[in-house]
J.: 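The following block contains the structure, expressed as structure tokens.
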Amino acid sequence: YPTWKRTLTRRAREAQMKRFCKAQAIQRRLEEIEVTFRELEQQGIKLEKLLRDEEGNLANQKTQWMNQLLYLVQKKNSLMSEESDLMIAVQELKLEEQQWQLDQKLRCYMNKEESLKTPEDREAEQEILVQLLEVVNKRNVLIHIQEEKRLSEL
């Protein structure tokens, strides 16, 4: 192997490991969010029961419970927003991996001498290019979705 091929191979492995580690971190965070959702749901149920059952309670106490309930709803909404961001990140990682694999296949065909390519090779190369373009367009859509979400939150 020439040095440049070893370097490309090493960089490809490093990029793949980065994607893998990022995917694991996202998965852990999604699990944490799920646990937090359950906890917030339980707290919300308790507060709703208190609000419905305690008719003769002081108005001050009811206001305090309502504020706590609104805080829980606000926290749940922010977690849902974070969860949707993470799901977009997961999709983006999948598309990155798919793009990398298609790039590798395309390089194999492009490295082949033009005079040695069969019509099937040329057709496969074109098909890979079409697939690669589709993946790039999907990633572009995800970027637009993230940008629109960011702008709407501002």
J.: Residues two or more places apart in sequence or in another chain: which of them pass side-chain contact (heavy atoms from CB on, under 4.5 Å) with Glu48?
T.: Arg52, Leu69
J.: Report the C-alpha distance between Glu31 and Arg28 in whole Å, list the side-chain angles of each, state the deciding distance to 0.1 Å, and finish with yes or no for salt bridge (Lys or Arg N to Asp or Glu O under 4.0 Å).
T.: CA-CA 5 Å; Glu31 289 169 1; Arg28 276 193 303 274; over 6 Å; no
J.: Do you reckon Leu129 sits in the same ILVMFWY cluster as Met110, going by side-chain contacts under 4.5 Å, direct or chained?
T.: yes
J.: Tell me, please, which residues at least two apart from Arg150 pass side chain to side chain donor-acceptor pair (under 3.5 Å).
T.: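 Scan of Arg150 (side chain to side chain donor-acceptor pair (under 3.5 Å), adjacent residues dropped) gives Glu147.
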J.: Flag yes if Leu93 and Val135 sit in one hydrophobic cluster, no otherwise; membership is Ile, Leu, Val, Met, Phe, Trp, Tyr, and two members link when side-chain heavy atoms are under 4.5 Å apart.
T.: no
J.: Atom CG in Leu30, atom CG in Leu79: separation rounded to 0.5 Å?
T.: 11.0 Å
J.: With sequence neighbours left out, write down each residue that passes side chain to side chain donor-acceptor pair (under 3.5 Å) with Glu96, or none if nothing qualifies.
T.: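 For Glu96 there are no side chain to side chain donor-acceptor pair (under 3.5 Å) partners, ignoring immediate neighbours.
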J.: Could you state the interatomic distance from CG (Leu40) to CD1 (Ile33), rounded to the nearest 0.5 Å?
T.: 11.0 Å
J.: Enter the distance from Gln68:CD to Tyr71:OH here, rounded to the nearest 0.5 Å.
T.: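 Separation between the atoms: 10.5 Å.
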J.: Listed by chain and number, what are the side-chain contact (heavy atoms from CB on, under 4.5 Å) partners of Leu132, not counting sequence neighbours?
T.: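 Result, side-chain contact (heavy atoms from CB on, under 4.5 Å) vs Leu132: Gln99, Leu102, Asp103, Leu106.
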J.: Calculate, to the nearest 0.5 Å, the distance between atoms CG and CZ belonging to Leu142 and Arg139 respectively.
T.: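 If I round to the nearest 0.5 Å, the distance is 9.0 Å.
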J.: Which pairs, with at least one residue in residues 15-26 and sequence neighbours excluded, count as a side-chain hydrogen bond (donor to acceptor under 3.5 Å, both in side chains)?
T.: Gln16-Glu97, Arg19-Glu97
J.: Hey, are Glu113 and Ser115 close enough side-chain-wise for a donor-acceptor pair under 3.5 Å?
T.: no
J.: Go through the structure and list residues passing side-chain contact (heavy atoms from CB on, under 4.5 Å) with Asp85, not counting sequence neighbours.
T.: Ser81, Lys149
J.: Inspect the surroundings of NZ in Lys94 and state if more than 12 heavy atoms from other residues, nucleotides or ligands are less than 6.0 Å away.
T.: no
J.: Are any of the side-chain heavy atoms of Gln126 and Glu123 separated by less than 4.5 Å?
T.: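 In short, these two side chains do not touch, never coming nearer than 4.5 Å.
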J.: What residues form a side chain to side chain donor-acceptor pair (under 3.5 Å) with Thr63, not counting sequence neighbours?
T.: none
J.: For the residue pair Lys105 and Gln131, establish whether any side-chain heavy-atom pair is separated by less than 4.5 Å.
T.: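 No; the side chains remain at least 4.5 Å from each other.
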J.: Pick from Leu47, Asn67, Asn77: which one makes a side chain to side chain contact (heavy atoms under 4.5 Å, CB included) with Leu72?
T.: Leu47
J.: Does the distance from a Lys or Arg side-chain N to an Asp or Glu carboxylate O, for Glu14 and Arg10, drop under 4.0 Å?
T.: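 Looking at Glu14 and Arg10, the cut-off is met.
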J.: Can you list, by chain and residue number, the hydrophobic cluster partners of Val130 when the side-chain cut-off is 4.5 Å?
T.: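 Once heavy-atom contacts under 4.5 Å are chained together, Val130 still belongs with nothing else.
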J.: Quick one: side-chain contact (heavy atoms from CB on, under 4.5 Å) partners of Gln104, sequence neighbours excluded?
T.: Trp100, Arg107
J.: If the condition is salt bridge (charged side-chain N to carboxylate O under 4.0 Å, His left out), which residues does Lys112 pass it with, not counting sequence neighbours?
T.: Asp121
J.: Applying side chain to side chain donor-acceptor pair (under 3.5 Å), can you list everything that pairs with Glu41, at least two apart in sequence or on another chain?
T.: Lys76
J.: Cut-off 3.5 Å, side chains only: do Thr9 and Arg6 have a donor facing an acceptor?
T.: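 Result is no, nothing qualifies.
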J.: Hydrophobic clusters join Ile, Leu, Val, Met, Phe, Trp and Tyr when side-chain heavy atoms are under 4.5 Å apart, directly or via other members; which others share one with Ile45?
T.: none
J.: Using 0.5 Å steps for rounding, measure from the CD1 atom of Ile88 to the CD1 atom of Ile26.
T.: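 The CD1 atom of Ile88 sits 11.0 Å away from the CD1 atom of Ile26.
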J.: Do Val90 and Gln27 have side-chain heavy atoms sitting under 4.5 Å apart?
T.: no
J.: Would you say Leu95 and Gln98 make side-chain contact, with heavy atoms under 4.5 Å?
T.: yes
J.: Less than 4.5 Å apart, any side-chain heavy atom of Gln64 and any of Gln61?
T.: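 In contact.
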J.: For Trp65 versus Leu51, what's the shortest heavy-atom pair and its separation?
T.: CB-CD2, 3.8 Å
J.: When hydrophobic residues are tied together by side-chain contacts of less than 4.5 Å, even through go-betweens, does Val136 share a cluster with Ile143?
T.: no
